[in-house]
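Quick caveat, the model's predicted, so the values are computed rather than measured. Along the sequence shown, residues are numbered consecutively beginning with 1. Counting starts at 1 for both ligands and their atoms, in listed order.
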Amino acid sequence: MPPRDLLIERLHDLQDRHGGLYPRDLDALAAEFALAPSEVFETASFYAHFRLLKEDEAPPAAVVRVCRGPACEMRGAAIVACDWAAKAHVEDHPCLGRCDHAPAILVETPRTATASGHGYLLLGRCRSGGLNREAAQAELEAAGLRGMGGAGFPTARKWRTVAGHPGPRFVVVNADEGEPGTFKDRHFLETAPARVLEGALIAAWVVEAEAVYLYLRDEYPHIRAQLMAEIAALPPGLPPVHLRRGAGAYVCGEESALIESLEGKRGLPRQRPPYVAEAGLFGRPTLVNNVETLYWVCEILDKGAAWFADHGRHGHSGLRAYSVSGRVKHPGVRIAPNGITITELIDEFCGGMEDGHSLAAYLPGGASGGFLPAHITPPLAFGAIEDHGGFIGSAAVTVFSQADDLRAAAAGLARFFAHESCGQCTPCRLGTARAAEILDRPDWDIDLLGELAHVMREASICGLGQAAPNVWQSLVRHFPEVVR
Ligand SMILES: Cc1cc2nc3c(=O)[nH]c(=O)nc-3n(C[C@H](O)[C@H](O)[C@H](O)COP(=O)(O)O)c2cc1C
Ligand code: SF4
Ligand code: FES
(Lines give C-alpha, C1' and ligand atoms only; values in the text may rest on other atoms or scores of the structure.)
(Ligands and ions follow the chains in the order given, each with its own letter.)
Protein backbone atom coordinates (compact mmCIF):
# COMPACT_ATOMS: atom_id res chain seq x y z
CA MET A 1 0.00 0.00 0.00
CA PRO A 2 1.50 3.42 -0.95
CA PRO A 3 1.88 6.00 1.85
CA ARG A 4 -0.94 8.55 2.19
CA ASP A 5 1.35 11.45 1.34
CA LEU A 6 1.46 10.23 -2.27
CA LEU A 7 -2.31 10.57 -2.72
CA ILE A 8 -2.20 14.02 -4.34
CA GLU A 9 0.61 12.92 -6.66
CA ARG A 10 -1.54 9.95 -7.75
CA LEU A 11 -4.55 12.21 -8.30
CA HIS A 12 -2.36 14.34 -10.57
CA ASP A 13 -1.14 11.26 -12.47
CA LEU A 14 -4.69 10.12 -13.13
CA GLN A 15 -5.89 13.57 -14.16
CA ASP A 16 -2.90 14.00 -16.49
CA ARG A 17 -3.80 10.69 -18.12
CA HIS A 18 -7.60 11.06 -18.32
CA GLY A 19 -8.11 14.82 -18.48
CA GLY A 20 -10.07 14.70 -15.21
CA LEU A 21 -10.96 12.41 -12.32
CA TYR A 22 -13.78 9.90 -12.66
CA PRO A 23 -15.63 8.31 -9.72
CA ARG A 24 -14.01 5.00 -10.71
CA ASP A 25 -10.55 6.65 -10.38
CA LEU A 26 -11.36 7.87 -6.88
CA ASP A 27 -12.71 4.45 -5.87
CA ALA A 28 -9.59 2.75 -7.21
CA LEU A 29 -7.38 5.15 -5.25
CA ALA A 30 -9.42 4.57 -2.09
CA ALA A 31 -8.81 0.82 -2.46
CA GLU A 32 -5.11 1.31 -3.28
CA PHE A 33 -4.47 3.61 -0.28
CA ALA A 34 -6.90 1.76 2.04
CA LEU A 35 -8.88 4.96 2.62
CA ALA A 36 -12.62 5.55 2.75
CA PRO A 37 -13.86 6.73 -0.68
CA SER A 38 -15.19 9.85 1.06
CA GLU A 39 -11.67 10.74 2.23
CA VAL A 40 -10.31 10.57 -1.31
CA PHE A 41 -13.25 12.59 -2.62
CA GLU A 42 -12.89 15.21 0.08
CA THR A 43 -9.18 15.62 -0.73
CA ALA A 44 -9.68 15.78 -4.50
CA SER A 45 -12.58 18.22 -4.26
CA PHE A 46 -10.63 20.59 -1.98
CA TYR A 47 -8.14 21.49 -4.72
CA ALA A 48 -9.16 23.78 -7.57
CA HIS A 49 -7.00 22.01 -10.15
CA PHE A 50 -8.68 18.63 -9.83
CA ARG A 51 -11.50 18.30 -12.32
CA LEU A 52 -14.15 15.91 -11.00
CA LEU A 53 -16.02 14.32 -13.89
CA LYS A 54 -19.19 12.26 -14.01
CA GLU A 55 -18.74 8.63 -15.09
CA ASP A 56 -20.06 9.30 -18.60
CA GLU A 57 -18.64 12.82 -19.01
CA ALA A 58 -15.98 13.47 -21.64
CA PRO A 59 -12.99 15.46 -20.41
CA PRO A 60 -12.46 18.89 -22.01
CA ALA A 61 -10.35 18.61 -25.17
CA ALA A 62 -8.21 21.62 -24.35
CA VAL A 63 -8.00 23.54 -21.09
CA VAL A 64 -6.79 27.12 -20.93
CA ARG A 65 -6.35 28.79 -17.55
CA VAL A 66 -6.94 32.53 -17.90
CA CYS A 67 -5.61 34.75 -15.14
CA ARG A 68 -8.15 37.14 -13.59
CA GLY A 69 -5.73 38.68 -11.06
CA PRO A 70 -5.32 42.46 -10.68
CA ALA A 71 -2.41 42.91 -13.12
CA CYS A 72 -4.16 40.84 -15.76
CA GLU A 73 -7.56 42.50 -15.28
CA MET A 74 -5.99 45.90 -15.98
CA ARG A 75 -4.59 44.47 -19.24
CA GLY A 76 -7.81 43.05 -20.63
CA ALA A 77 -8.14 39.60 -19.01
CA ALA A 78 -11.93 39.66 -19.51
CA ILE A 79 -11.48 40.01 -23.29
CA VAL A 80 -8.85 37.28 -23.34
CA ALA A 81 -11.22 34.95 -21.47
CA CYS A 82 -14.02 35.66 -24.00
CA ASP A 83 -11.70 35.04 -26.96
CA TRP A 84 -10.50 31.70 -25.62
CA ALA A 85 -13.98 30.54 -24.60
CA ALA A 86 -14.79 30.06 -28.28
CA LYS A 87 -11.84 27.69 -28.77
CA ALA A 88 -11.25 25.83 -25.51
CA HIS A 89 -12.47 25.04 -22.03
CA VAL A 90 -11.57 28.17 -20.04
CA GLU A 91 -10.88 28.08 -16.30
CA ASP A 92 -10.47 31.41 -14.50
CA HIS A 93 -7.41 31.64 -12.28
CA PRO A 94 -6.66 34.10 -9.45
CA CYS A 95 -2.97 34.63 -10.43
CA LEU A 96 -0.75 32.52 -12.63
CA GLY A 97 2.47 34.05 -11.29
CA ARG A 98 3.20 35.73 -14.63
CA CYS A 99 1.93 39.20 -13.70
CA ASP A 100 4.92 40.76 -15.50
CA HIS A 101 3.53 39.29 -18.74
CA ALA A 102 -0.09 40.26 -18.17
CA PRO A 103 -2.57 39.26 -19.46
CA ALA A 104 -1.44 35.71 -18.73
CA ILE A 105 -2.82 32.33 -19.75
CA LEU A 106 -1.55 28.81 -19.11
CA VAL A 107 -1.95 25.86 -21.43
CA GLU A 108 -0.83 22.52 -20.02
CA THR A 109 1.65 20.73 -22.27
CA PRO A 110 4.25 18.06 -21.41
CA ARG A 111 7.67 19.58 -20.59
CA THR A 112 11.20 18.21 -20.41
CA ALA A 113 14.43 19.80 -19.16
CA THR A 114 18.09 19.06 -18.57
CA ALA A 115 20.03 19.73 -15.38
CA SER A 116 22.24 22.84 -15.18
CA GLY A 117 25.15 20.75 -13.53
CA HIS A 118 25.75 23.19 -10.87
CA GLY A 119 28.81 22.36 -8.77
CA TYR A 120 27.25 22.64 -5.26
CA LEU A 121 30.60 24.00 -4.08
CA LEU A 122 29.16 25.86 -1.11
CA LEU A 123 27.28 22.77 0.05
CA GLY A 124 30.49 20.78 -0.36
CA ARG A 125 32.34 23.32 1.79
CA CYS A 126 29.69 22.99 4.51
CA ARG A 127 29.61 19.21 4.49
CA SER A 128 33.37 18.81 4.41
CA GLY A 129 33.95 21.00 7.49
CA GLY A 130 35.03 24.18 5.66
CA LEU A 131 32.15 25.93 7.41
CA ASN A 132 30.53 24.76 10.61
CA ARG A 133 26.85 24.90 11.51
CA GLU A 134 27.26 27.57 14.16
CA ALA A 135 29.28 29.81 11.84
CA ALA A 136 26.67 29.46 9.09
CA GLN A 137 23.84 30.47 11.42
CA ALA A 138 25.87 33.33 12.88
CA GLU A 139 26.48 34.66 9.36
CA LEU A 140 22.75 34.63 8.57
CA GLU A 141 22.08 36.37 11.87
CA ALA A 142 24.67 39.05 11.14
CA ALA A 143 23.11 39.58 7.71
CA GLY A 144 19.70 40.03 9.35
CA LEU A 145 18.09 37.58 6.93
CA ARG A 146 14.34 37.25 7.44
CA GLY A 147 11.85 34.93 5.82
CA MET A 148 10.80 36.16 2.39
CA GLY A 149 7.60 34.08 2.26
CA GLY A 150 5.72 36.93 3.91
CA ALA A 151 6.01 36.67 7.68
CA GLY A 152 9.60 37.94 7.92
CA PHE A 153 10.63 35.63 10.75
CA PRO A 154 14.42 35.76 11.38
CA THR A 155 15.82 32.80 9.47
CA ALA A 156 18.67 31.76 11.77
CA ARG A 157 16.41 31.92 14.82
CA LYS A 158 13.97 29.56 13.14
CA TRP A 159 16.79 27.16 12.21
CA ARG A 160 18.03 27.14 15.81
CA THR A 161 14.53 26.44 17.12
CA VAL A 162 14.00 23.50 14.75
CA ALA A 163 17.47 22.09 15.45
CA GLY A 164 16.70 22.32 19.18
CA HIS A 165 13.87 19.79 18.92
CA PRO A 166 14.63 16.08 18.94
CA GLY A 167 14.88 14.49 15.48
CA PRO A 168 14.16 13.09 13.03
CA ARG A 169 13.53 16.45 11.35
CA PHE A 170 12.46 17.58 7.90
CA VAL A 171 13.05 20.61 5.70
CA VAL A 172 10.23 21.89 3.51
CA VAL A 173 10.79 24.34 0.66
CA ASN A 174 7.74 26.52 0.19
CA ALA A 175 7.45 27.12 -3.56
CA ASP A 176 3.70 27.59 -3.55
CA GLU A 177 3.63 31.34 -4.17
CA GLY A 178 0.00 32.16 -4.84
CA GLU A 179 -0.53 35.65 -3.46
CA PRO A 180 -1.92 37.58 -6.45
CA GLY A 181 0.95 39.70 -7.77
CA THR A 182 3.77 37.44 -6.55
CA PHE A 183 6.13 35.86 -9.06
CA LYS A 184 9.57 36.23 -7.46
CA ASP A 185 9.92 32.54 -6.61
CA ARG A 186 9.27 31.74 -10.26
CA HIS A 187 12.19 34.05 -11.08
CA PHE A 188 14.59 32.26 -8.70
CA LEU A 189 13.47 28.81 -9.76
CA GLU A 190 13.81 29.72 -13.44
CA THR A 191 17.17 31.45 -13.17
CA ALA A 192 18.84 29.58 -10.29
CA PRO A 193 17.01 26.30 -9.55
CA ALA A 194 20.15 24.51 -8.31
CA ARG A 195 21.03 27.45 -6.07
CA VAL A 196 17.64 27.11 -4.35
CA LEU A 197 18.18 23.36 -3.94
CA GLU A 198 21.63 24.09 -2.55
CA GLY A 199 20.09 26.47 0.01
CA ALA A 200 17.59 23.80 1.02
CA LEU A 201 20.33 21.19 1.40
CA ILE A 202 22.39 23.61 3.49
CA ALA A 203 19.34 24.15 5.72
CA ALA A 204 18.99 20.36 5.94
CA TRP A 205 22.68 20.10 6.90
CA VAL A 206 22.34 22.75 9.62
CA VAL A 207 19.22 21.28 11.23
CA GLU A 208 20.32 17.71 10.44
CA ALA A 209 17.18 16.88 8.53
CA GLU A 210 16.45 13.43 7.14
CA ALA A 211 14.84 14.63 3.93
CA VAL A 212 13.83 17.73 2.00
CA TYR A 213 10.33 18.18 0.56
CA LEU A 214 9.83 20.81 -2.12
CA TYR A 215 6.21 21.85 -2.61
CA LEU A 216 5.83 23.55 -5.98
CA ARG A 217 2.72 25.30 -7.18
CA ASP A 218 1.03 23.49 -10.04
CA GLU A 219 1.05 26.60 -12.23
CA TYR A 220 4.79 26.19 -12.98
CA PRO A 221 5.03 22.96 -15.04
CA HIS A 222 8.25 24.11 -16.76
CA ILE A 223 9.89 24.55 -13.36
CA ARG A 224 8.66 21.15 -12.26
CA ALA A 225 10.46 19.61 -15.24
CA GLN A 226 13.61 21.58 -14.48
CA LEU A 227 13.62 20.63 -10.80
CA MET A 228 13.12 16.96 -11.63
CA ALA A 229 16.24 17.16 -13.79
CA GLU A 230 18.21 19.01 -11.10
CA ILE A 231 17.19 16.57 -8.39
CA ALA A 232 18.15 13.58 -10.54
CA ALA A 233 21.61 15.15 -11.03
CA LEU A 234 22.33 15.89 -7.35
CA PRO A 235 25.65 14.58 -6.03
CA PRO A 236 25.41 11.32 -4.04
CA GLY A 237 25.30 11.11 -0.24
CA LEU A 238 22.75 13.89 0.34
CA PRO A 239 19.38 13.59 2.09
CA PRO A 240 16.65 12.71 -0.41
CA VAL A 241 14.80 15.62 -2.04
CA HIS A 242 11.13 14.90 -2.77
CA LEU A 243 9.35 17.13 -5.27
CA ARG A 244 5.63 17.51 -4.61
CA ARG A 245 3.04 19.20 -6.77
CA GLY A 246 0.45 21.63 -5.39
CA ALA A 247 -3.04 21.58 -6.84
CA GLY A 248 -4.32 25.14 -6.92
CA ALA A 249 -5.10 26.10 -3.32
CA TYR A 250 -3.69 29.46 -2.18
CA VAL A 251 -4.06 28.58 1.50
CA CYS A 252 -1.55 25.73 1.04
CA GLY A 253 1.18 28.41 0.97
CA GLU A 254 0.51 28.83 4.70
CA GLU A 255 3.08 26.54 6.25
CA SER A 256 0.85 24.34 8.36
CA ALA A 257 -1.70 23.92 5.54
CA LEU A 258 1.22 23.09 3.26
CA ILE A 259 2.26 20.32 5.63
CA GLU A 260 -1.27 18.91 5.61
CA SER A 261 -1.15 18.97 1.83
CA LEU A 262 2.26 17.27 1.78
CA GLU A 263 0.70 14.52 3.87
CA GLY A 264 -1.85 14.02 1.09
CA LYS A 265 -4.78 15.74 2.79
CA ARG A 266 -6.88 18.88 2.40
CA GLY A 267 -4.87 22.02 3.11
CA LEU A 268 -6.41 23.04 6.43
CA PRO A 269 -4.10 25.24 8.54
CA ARG A 270 -3.08 23.89 11.93
CA GLN A 271 -2.89 26.02 15.04
CA ARG A 272 0.71 25.32 16.00
CA PRO A 273 3.99 26.10 14.27
CA PRO A 274 5.59 23.20 12.36
CA TYR A 275 8.67 22.93 14.55
CA VAL A 276 6.39 21.70 17.33
CA ALA A 277 6.60 18.01 16.51
CA GLU A 278 2.85 17.25 16.49
CA ALA A 279 2.28 20.04 13.98
CA GLY A 280 5.23 19.20 11.73
CA LEU A 281 5.44 16.90 8.73
CA PHE A 282 4.64 13.29 9.73
CA GLY A 283 4.54 14.46 13.35
CA ARG A 284 8.18 15.56 13.33
CA PRO A 285 9.82 19.00 13.79
CA THR A 286 9.89 20.68 10.40
CA LEU A 287 11.73 23.69 9.05
CA VAL A 288 9.71 25.52 6.40
CA ASN A 289 11.49 28.12 4.30
CA ASN A 290 10.54 30.12 1.26
CA VAL A 291 12.40 29.73 -2.05
CA GLU A 292 13.83 33.25 -1.96
CA THR A 293 15.01 32.88 1.64
CA LEU A 294 17.03 29.81 0.65
CA TYR A 295 18.48 31.62 -2.35
CA TRP A 296 19.74 34.42 -0.05
CA VAL A 297 21.17 31.84 2.37
CA CYS A 298 23.61 30.77 -0.37
CA GLU A 299 24.40 34.31 -1.45
CA ILE A 300 25.11 35.40 2.14
CA LEU A 301 27.28 32.38 2.94
CA ASP A 302 29.23 32.92 -0.29
CA LYS A 303 29.59 36.72 -0.20
CA GLY A 304 29.36 37.47 3.52
CA ALA A 305 26.83 39.06 5.85
CA ALA A 306 28.22 42.58 5.35
CA TRP A 307 27.74 42.41 1.58
CA PHE A 308 24.04 41.65 2.09
CA ALA A 309 23.37 43.97 5.00
CA ASP A 310 25.04 46.98 3.33
CA HIS A 311 22.42 47.12 0.60
CA GLY A 312 19.41 48.49 2.49
CA ARG A 313 17.83 51.92 2.37
CA HIS A 314 16.01 54.29 4.73
CA GLY A 315 17.20 52.53 7.86
CA HIS A 316 16.57 48.99 6.60
CA SER A 317 19.23 46.52 5.58
CA GLY A 318 19.59 43.82 2.98
CA LEU A 319 18.28 43.05 -0.46
CA ARG A 320 15.04 41.47 -1.57
CA ALA A 321 13.12 40.58 -4.69
CA TYR A 322 10.14 42.81 -5.46
CA SER A 323 7.59 41.39 -7.91
CA VAL A 324 6.50 44.55 -9.71
CA SER A 325 3.46 44.50 -11.96
CA GLY A 326 0.86 46.91 -13.26
CA ARG A 327 1.31 50.34 -14.82
CA VAL A 328 5.10 50.58 -14.87
CA LYS A 329 7.21 50.68 -18.02
CA HIS A 330 9.19 47.54 -17.15
CA PRO A 331 7.36 45.14 -14.86
CA GLY A 332 9.32 42.18 -13.52
CA VAL A 333 11.25 40.86 -10.55
CA ARG A 334 13.57 43.59 -9.30
CA ILE A 335 16.33 42.80 -6.83
CA ALA A 336 16.46 46.07 -4.92
CA PRO A 337 17.47 47.43 -1.52
CA ASN A 338 15.22 46.41 1.32
CA GLY A 339 13.36 49.55 2.45
CA ILE A 340 13.27 51.30 -0.93
CA THR A 341 10.15 53.45 -1.43
CA ILE A 342 7.56 52.92 -4.14
CA THR A 343 8.65 55.98 -6.14
CA GLU A 344 12.31 54.95 -5.99
CA LEU A 345 11.41 51.42 -7.03
CA ILE A 346 9.35 52.61 -9.99
CA ASP A 347 11.80 55.29 -11.14
CA GLU A 348 15.11 53.53 -10.56
CA PHE A 349 14.21 49.91 -11.28
CA CYS A 350 11.13 49.87 -13.52
CA GLY A 351 11.79 52.65 -16.05
CA GLY A 352 9.12 54.91 -14.50
CA MET A 353 5.37 54.82 -15.00
CA GLU A 354 3.88 53.72 -18.31
CA ASP A 355 3.37 56.65 -20.71
CA GLY A 356 0.16 58.50 -19.99
CA HIS A 357 -0.21 57.02 -16.51
CA SER A 358 0.59 58.50 -13.13
CA LEU A 359 0.81 56.67 -9.85
CA ALA A 360 -2.57 56.63 -8.09
CA ALA A 361 -2.33 53.65 -5.74
CA TYR A 362 -0.36 50.50 -5.09
CA LEU A 363 -0.54 47.20 -3.31
CA PRO A 364 2.80 46.91 -1.47
CA GLY A 365 2.31 43.29 -0.42
CA GLY A 366 -0.08 41.55 -2.78
CA ALA A 367 -3.76 41.00 -2.19
CA SER A 368 -3.42 40.92 1.59
CA GLY A 369 -1.03 43.88 1.95
CA GLY A 370 -3.70 46.59 1.50
CA PHE A 371 -3.92 49.51 -0.94
CA LEU A 372 -1.82 52.63 -0.35
CA PRO A 373 -2.26 56.01 -2.09
CA ALA A 374 0.55 57.59 -4.12
CA HIS A 375 1.42 60.16 -1.45
CA ILE A 376 2.08 57.57 1.28
CA THR A 377 5.53 56.20 0.56
CA PRO A 378 6.95 54.30 3.54
CA PRO A 379 10.02 52.10 3.15
CA LEU A 380 8.90 48.85 1.53
CA ALA A 381 10.09 46.68 4.41
CA PHE A 382 8.86 44.47 7.23
CA GLY A 383 7.25 46.54 9.99
CA ALA A 384 7.31 49.82 8.05
CA ILE A 385 3.84 49.72 6.47
CA GLU A 386 1.74 48.47 9.38
CA ASP A 387 1.01 52.00 10.68
CA HIS A 388 -0.68 52.70 7.35
CA GLY A 389 -2.84 49.58 7.61
CA GLY A 390 -0.84 47.26 5.36
CA PHE A 391 2.28 45.14 5.16
CA ILE A 392 5.05 44.16 2.77
CA GLY A 393 4.55 40.37 2.97
CA SER A 394 6.24 38.76 -0.01
CA ALA A 395 6.82 42.17 -1.68
CA ALA A 396 4.29 41.76 -4.47
CA VAL A 397 3.96 45.36 -5.65
CA THR A 398 1.05 46.05 -8.01
CA VAL A 399 0.94 49.59 -9.38
CA PHE A 400 -2.35 51.30 -10.30
CA SER A 401 -2.85 54.56 -12.19
CA GLN A 402 -5.66 57.06 -12.64
CA ALA A 403 -6.99 54.75 -15.36
CA ASP A 404 -7.72 51.89 -12.97
CA ASP A 405 -10.88 51.12 -11.05
CA LEU A 406 -9.86 50.50 -7.44
CA ARG A 407 -13.35 49.46 -6.39
CA ALA A 408 -13.40 46.76 -9.03
CA ALA A 409 -9.89 45.65 -8.07
CA ALA A 410 -10.89 45.41 -4.40
CA ALA A 411 -14.06 43.51 -5.27
CA GLY A 412 -11.97 41.03 -7.29
CA LEU A 413 -9.58 40.51 -4.38
CA ALA A 414 -12.45 40.04 -1.94
CA ARG A 415 -13.86 37.33 -4.23
CA PHE A 416 -10.41 35.76 -4.28
CA PHE A 417 -10.30 35.47 -0.49
CA ALA A 418 -13.85 34.15 -0.32
CA HIS A 419 -12.93 31.49 -2.86
CA GLU A 420 -9.64 30.56 -1.19
CA SER A 421 -10.85 30.47 2.43
CA CYS A 422 -10.52 26.85 3.52
CA GLY A 423 -13.76 27.23 5.48
CA GLN A 424 -12.36 25.78 8.69
CA CYS A 425 -13.21 28.78 10.89
CA THR A 426 -16.44 30.72 10.85
CA PRO A 427 -15.12 34.34 10.95
CA CYS A 428 -13.10 33.79 7.81
CA ARG A 429 -15.55 31.54 5.98
CA LEU A 430 -18.53 33.84 6.49
CA GLY A 431 -16.59 37.11 6.67
CA THR A 432 -14.85 36.70 3.32
CA ALA A 433 -18.11 35.65 1.63
CA ARG A 434 -20.10 38.52 3.13
CA ALA A 435 -17.42 41.09 2.27
CA ALA A 436 -17.24 39.85 -1.32
CA GLU A 437 -20.99 40.28 -1.58
CA ILE A 438 -20.88 43.84 -0.17
CA LEU A 439 -17.97 44.91 -2.38
CA ASP A 440 -19.89 43.81 -5.45
CA ARG A 441 -22.68 46.30 -4.65
CA PRO A 442 -22.72 49.95 -5.74
CA ASP A 443 -23.11 51.17 -2.14
CA TRP A 444 -20.85 49.64 0.48
CA ASP A 445 -22.01 49.22 4.06
CA ILE A 446 -18.89 50.70 5.65
CA ASP A 447 -19.96 49.97 9.24
CA LEU A 448 -20.65 46.33 8.49
CA LEU A 449 -17.35 46.01 6.62
CA GLY A 450 -15.60 47.42 9.70
CA GLU A 451 -17.32 44.92 11.99
CA LEU A 452 -16.45 42.03 9.71
CA ALA A 453 -12.83 43.19 9.64
CA HIS A 454 -12.68 43.35 13.43
CA VAL A 455 -14.07 39.85 13.98
CA MET A 456 -11.95 38.32 11.20
CA ARG A 457 -8.72 39.87 12.50
CA GLU A 458 -9.40 38.82 16.07
CA ALA A 459 -10.80 35.34 15.56
CA SER A 460 -9.47 33.78 12.35
CA ILE A 461 -7.09 30.85 12.74
CA CYS A 462 -4.58 31.77 10.04
CA GLY A 463 -3.16 34.74 8.17
CA LEU A 464 -5.63 34.43 5.31
CA GLY A 465 -8.63 35.42 7.39
CA GLN A 466 -6.62 37.86 9.50
CA ALA A 467 -5.25 39.81 6.54
CA ALA A 468 -8.12 39.65 4.03
CA PRO A 469 -9.84 42.74 5.57
CA ASN A 470 -6.85 44.87 4.50
CA VAL A 471 -8.41 44.85 1.03
CA TRP A 472 -11.44 46.92 1.98
CA GLN A 473 -10.28 48.61 5.18
CA SER A 474 -7.35 50.19 3.32
CA LEU A 475 -9.72 51.66 0.73
CA VAL A 476 -12.03 52.95 3.46
CA ARG A 477 -9.07 54.57 5.23
CA HIS A 478 -7.09 56.02 2.32
CA PHE A 479 -9.56 56.41 -0.54
CA PRO A 480 -12.81 57.86 0.85
CA GLU A 481 -13.66 59.29 -2.57
CA VAL A 482 -13.55 55.80 -4.09
CA VAL A 483 -15.57 54.14 -1.35
CA ARG A 484 -18.36 56.73 -1.27
C1 LIG B 1 -2.52 32.51 3.53
C2 LIG B 1 -1.02 32.41 3.52
C3 LIG B 1 -0.36 32.10 2.34
C4 LIG B 1 1.02 31.99 2.34
N5 LIG B 1 1.62 31.69 1.15
C6 LIG B 1 2.97 31.54 1.14
C7 LIG B 1 3.62 31.15 -0.07
O8 LIG B 1 2.98 30.99 -1.11
N9 LIG B 1 4.96 30.99 -0.05
C10 LIG B 1 5.68 31.16 1.12
O11 LIG B 1 6.90 30.95 1.12
N12 LIG B 1 5.10 31.53 2.26
C13 LIG B 1 3.76 31.71 2.29
N14 LIG B 1 3.15 32.03 3.47
C15 LIG B 1 4.01 32.17 4.68
C16 LIG B 1 4.29 30.79 5.27
O17 LIG B 1 3.25 30.46 6.19
C18 LIG B 1 5.62 30.74 6.03
O19 LIG B 1 5.70 31.82 6.92
C20 LIG B 1 6.85 30.76 5.12
O21 LIG B 1 6.77 29.77 4.12
C22 LIG B 1 8.10 30.50 5.97
O23 LIG B 1 9.26 30.64 5.20
P24 LIG B 1 10.22 31.91 5.37
O25 LIG B 1 10.49 32.03 6.85
O26 LIG B 1 11.44 31.54 4.60
O27 LIG B 1 9.49 33.08 4.84
C28 LIG B 1 1.77 32.19 3.52
C29 LIG B 1 1.11 32.52 4.70
C30 LIG B 1 -0.27 32.64 4.70
C31 LIG B 1 -0.95 32.99 5.98
S1 SF4 C 1 -8.57 31.87 8.54
FE2 SF4 C 1 -9.66 31.15 6.70
S3 SF4 C 1 -8.14 30.04 5.53
FE4 SF4 C 1 -7.33 30.26 7.64
S5 SF4 C 1 -8.02 28.41 8.73
FE6 SF4 C 1 -9.63 29.93 9.04
S7 SF4 C 1 -11.10 29.53 7.35
FE8 SF4 C 1 -9.18 28.51 6.81
S1 FES D 1 -0.49 36.42 -13.57
FE2 FES D 1 -2.28 37.61 -13.68
S3 FES D 1 -2.27 38.82 -11.87
FE4 FES D 1 -0.58 37.47 -11.65
- Query: For Tyr250, is at least one N or O under 3.5 Å away from an N or O on ligand 1?
  - Reply: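 Looking only at distances, the answer is no, because the N/O contact criterion of under 3.5 Å is not met.
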- Task: Report yes or no: does Cys99 have an N/O/S atom closer than 2.8 Å to atom 4 (Fe) of ligand 3?
- Result: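 Yes, since at least one N, O or S atom of Cys99 sits under 2.8 Å from atom 4 (Fe) of ligand 3.
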- Is the distance from atom 4 (Fe) of ligand 3 to the nearest N/O/S atom of Cys72 under 2.8 Å?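 Under 2.8 Å: Cys72 has no N, O or S contact with atom 4 (Fe) of ligand 3.
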Just jot down the ligand 2 atoms closer than 4.0 angstrom to any heavy atom of [X], in number order.
X      : result
Gly465 : 1 (S)
Ser460 : 1 (S)
Val251 : 3 (S)
Ser421 : 2 (Fe), 7 (S)
Gln424 : 5 (S), 7 (S), 8 (Fe)

If you count the atoms of ligand 1 from 1 in the order shown, which ones are under 4.0 Å from a heavy atom of [X]?
X      : value
Gly178 : 8 (O)
Asp176 : 8 (O)
Gly463 : 31 (C)

Classify the ring geometry between [X] and [Y] as parallel (under 30°), tilted (30 to 60°) or perpendicular (over 60°).
X      : Y      : answer
Tyr213 : Phe282 : perpendicular
Phe479 : Phe371 : perpendicular
Trp296 : Trp307 : tilted
Phe417 : Tyr250 : perpendicular

Rounded distance (nearest 0.5 Å) linking atom [atom1] of [X] with atom [atom2] of [Y]:
X      : Y      : atom1 : atom2 : answer
Ile346 : Leu359 : CD1   : CG    : 4.5 Å
Ser394 : Phe391 : OG    : CZ    : 8.5 Å
Cys428 : Arg457 : SG    : CZ    : 13.0 Å
Arg146 : Thr293 : CZ    : OG1   : 11.5 Å

Top protein contact for [atom], by heavy-atom distance:
atom                    : value
atom 18 (C) of ligand 1 : Glu255 OE1, 3.6 Å
atom 4 (Fe) of ligand 2 : Cys462 SG, 2.3 Å
atom 27 (O) of ligand 1 : Gly149 N, 2.7 Å
atom 9 (N) of ligand 1  : Asn174 OD1, 3.3 Å
atom 8 (O) of ligand 1  : Glu177 CA, 3.1 Å
atom 23 (O) of ligand 1 : Asn290 N, 3.2 Å
atom 24 (P) of ligand 1 : Gly147 CA, 3.5 Å
atom 2 (Fe) of ligand 2 : Cys428 SG, 2.3 Å
atom 2 (C) of ligand 1  : Glu254 CB, 3.8 Å
atom 16 (C) of ligand 1 : Gly253 O, 3.5 Å

- Message: Using a distance threshold of 2.8 Å, state whether an N, O or S atom of Cys422 lies below it from atom 8 (Fe) of ligand 2.
- Response: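 True for Cys422.
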- Find out whether the Lys NZ or Arg CZ of Arg217 is both under 6.0 angstrom from the six-membered ring centre of Tyr220 and within 45° of the ring's axis.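 Geometry flag: set, cation within 6.0 Å and 45°.
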- Kindly determine whether His165 and Thr286 satisfy side-chain contact (heavy atoms from CB on, under 4.5 Å), including the steps that lead there. CA-CA 9 Å; His165 284 74; Thr286 303; over 6 Å; no
Is the shortest distance from a Lys or Arg side-chain nitrogen in [X] or [Y] to a carboxylate oxygen in the other one below 4.0 Å?
X      : Y      : result
Glu91  : Arg68  : no
Glu219 : Arg186 : no
Arg415 : Glu73  : no
Arg75  : Glu354 : yes
Lys184 : Glu177 : no

Interfacing atoms of ligand 3 (cut-off 4.0 Å, heavy-atom, [X]):
X     : answer
Cys67 : 1 (S), 2 (Fe), 3 (S)
Gly69 : 3 (S)
Cys95 : 1 (S), 3 (S), 4 (Fe)
Ala71 : 3 (S)

- Task: Using a 4.5 Å cut-off on heavy atoms from C-beta on, say whether the side chain of Arg195 contacts that of Asp302.
- Result: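 In contact.
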- What do you reckon, does Cys462 put a non-hydrogen atom under 4.0 Å from ligand 1?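 Contact check Cys462 vs ligand 1: negative.
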- Query: If you measure from each heavy atom of Val251 to ligand 1, is any distance below 4.0 Å?
  - Reply: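 No, Val251 has no heavy atoms under 4.0 Å from ligand 1.
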- Query: Can you tell me if Arg245 uses its side chain to pair, donor with acceptor, with the backbone of Leu243 under 3.5 Å?
  - Reply: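 No, because the side chain of Arg245 does not come within donor-acceptor range (under 3.5 Å) of the backbone of Leu243.
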- Item | Aromatic ring proximity His12/Phe50, centre distance under 6.0 Å |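 So the answer is yes for these two rings.
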- Item | Pick from Pro269, Ser256, Cys425: the one approaching atom 6 (Fe) of ligand 2 most closely through a non-hydrogen atom |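 Residue with the shortest heavy-atom distance to the ligand atom: Cys425.
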- Message: Counting only heavy atoms, tell me which of Met148, Arg157, Lys158 gets closest to atom 22 (C) of ligand 1.
- Response: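 When every heavy atom of Met148, Arg157, Lys158 is considered, Lys158 comes closest to atom 22 (C) of ligand 1.
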- Query: Is there a heavy atom in Pro180 that sits closer than 4.0 Å to ligand 3?
  - Reply: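 In this structure, Pro180 fails to qualify as a contact of ligand 3 - no heavy atom is under 4.0 Å.
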- Query: Relative to ligand 1, is Thr293 under 4.0 angstrom through side chain, backbone, both or neither, heavy atoms considered?
  - Reply: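 Contact part for Thr293 vs ligand 1: side chain (C-beta onward).
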